[in-house]
Amino acid sequence: MPQVTLTLSDGTEIQGESFGAFTSAAGEVVFSTAMTGYPENLTDPSFAGQILVLTTPMVGNYGVPGEELYESISTIFESDKIHIAGLVVNYYSEEHSHWNAAKSLGDWLKEYNIPGICGVDTRMLTKKLREKGAMLGKIVADTDVPFHDPNLDNLVAQVSQPGVEHFGSGQHKIVLVDCGTKTNIIRCFLERDVELIRVPWDYDFTTLDYDGLFLSNGPGDPKMCEATIRHLQKALAQDKPIFGICLGSQLMGLAAGGDTFKLKYGHRSHNQPVKLTGTQRCYITSQNHGFAVDTATLPTEWQMLFENLNDGTCEGIRHTSKPFFSTQFHPEAAGGPQDTEFLFDDFLKAVVAYKANH
């Protein structure tokens, strides 16, 4: 494998070997401590523009499964393509073995022209990112490229589906605002007797007839989504149930009148502990985000719903009298754990209650 270099914006240069596409790429360098689930991680639109460091020592040993579709969406991946800008691992397994593997991780990266670098001391690199925070970086192969901060781009506009899509034919009509939806969110709704209307991030969903509103996950700075926030402010003036996940939680906080801030190095893993506010009940959650809601800025009728037990940051908010709530973590849980999938049921219970009273 040819040599490539990972260069960080602080001047650090790390030599490694290329796997995947032999090309150069720039982005924000972040890390994930998830030990499995790279097919889900790499296809998660929330990773758009980022060079992902996987801390698990060996990557690629179970390959990549083949594509399967149900109602035009993947049954395996979280979107229709790889979204990361580059991949950094310690040891890349050139041979893979798994019952549903269709190709190697390296070949999959090549299909989408995404570079990978292996032979990197990812423990050292992760310690640096924890101490200094997420920083800009680039994988340099054949030609040099400039550093690029993806948070200055409207990444949501890049990953949102351009048109309106319909899924399912259930009795509850839910509008899904697509800011970079993970496919398993759609799967979770389709398992629950729902007619799902997926609309682009800037679509005026207030013109539609629906029973409940869902705000999806997505990449980048939530303040870039000015159109979504304007439409959401109209929805918050009504009483129809609203549920937001990840970026959707941040958008809800902004539309409510609060503020958001960038975390030092973000939360990206399958093992983040959160606590339900006002209780001693804790859950282990899957997360992927670099921004959070500043609960101190929320109006009095809003409060924190979940708290991150590692750093005390907001992991969800709720309205004290209306059926509006959100989670910063991922209850759809691809690729795990599944501790909080019941929140989809809680949302639909609120939808049933609203329909019964209106």
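Values below: all heavy atoms of this structure, side chains included; hydrogens, waters and symmetry mates excluded. Count residues from 1 along the sequence. This structure is a prediction, so every number in the text was calculated from the model and none was measured.
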Is the centre of the F189 ring less than 6.0 Å from the centre of the F214 ring?
yes

Ring-face cation contact, F306 with K275, 6.0 Å cut, 45° max:
no

Could you tell me if the ring centre of Y283 sits under 6.0 Å from that of F342?
yes

So, the side chain of T297 versus the backbone of G258: is there a donor-acceptor pair under 3.5 Å, distance only?
no

Tell me if the CD atom of E111 is crowded by more than 12 foreign heavy atoms within 6.0 Å.
yes

N217 and N288: side-chain donor and acceptor closer than 3.5 Å?
no

Would you confirm whether Y92, through its side chain, and G106, through its main-chain N or O, come within 3.5 Å as a donor-acceptor pair?
yes

Out of curiosity, W302 CH2 to R318 CZ, how far, rounded to the nearest 0.5 Å?
10.5 Å

For the side chain of S18 and the backbone of M1, is there at least one donor-acceptor N/O pair under 3.5 Å apart?
no

Judged by atom type as modelled, is there a donor-acceptor pair below 3.5 Å linking the side chain of N184 to the main-chain atoms of E332?
yes

May I ask you to decide if D204's main-chain N or O and T207's side chain share a donor-acceptor pair within less than 3.5 Å?
yes

Are the side chains of I284 and T340 in contact, using a 4.5 Å heavy-atom criterion?
no

Is the count of non-hydrogen atoms from other residues, nucleotides or ligands lying under 6.0 Å from K349 atom NZ greater than 12?
no

More than 12 non-hydrogen atoms from neighbouring residues, nucleotides or ligands closer than 6.0 Å to CD on Q233, yes or no?
yes

When you measure from the centre of the six-membered ring of Y210, is the NZ or CZ of K240 under 6.0 Å away and within 45° of the axis?
yes

Quick check for you: to the nearest 0.5 Å, what is the distance between Q3 atom CD and I117 atom CD1?
8.5 Å

Quick check for you: to the nearest 0.5 Å, what is the distance between L105 atom CG and K110 atom NZ?
11.0 Å

In this structure, are over 12 heavy atoms from other groups packed under 6.0 Å from E301 atom CD?
yes

Please check: side-chain N/O of H231 versus main-chain N/O of D202, any donor-acceptor pairing under 3.5 Å?
yes

When you compare the side chain of D144 with that of K138, does any pair of heavy atoms fall below 4.5 Å?
yes

Is it the case that over 12 heavy atoms from other parts of the model lie below 6.0 angstrom from the CE atom of M304?
yes

Approximate separation, where rounding is to 0.5 Å, of S32 OG and Q287 CD:
10.5 Å

CD on Q272 to NE2 on H330, rounded to 0.5 Å:
11.0 Å

Taking the six-membered ring for Trp and the single ring otherwise, decide whether the centroids of F243 and F324 are under 6.0 Å apart.
no

Please say whether more than 12 non-hydrogen atoms of neighbouring residues, nucleotides or ligands are located less than 6.0 Å from NZ in K262.
yes

Any donor and acceptor pair, going by atom type alone, linking the side chain of S249 with main-chain N or O of I245 inside 3.5 Å?
no

For the pair Y38 and Y62, name the ring-plane relationship: parallel under 30°, tilted 30 to 60°, perpendicular over 60°.
parallel

From CG (N151) to CG (D221), nearest 0.5 Å
6.5 Å

Charged tip of K81 within 45° of Y112 ring normal and under 6.0 Å:
no

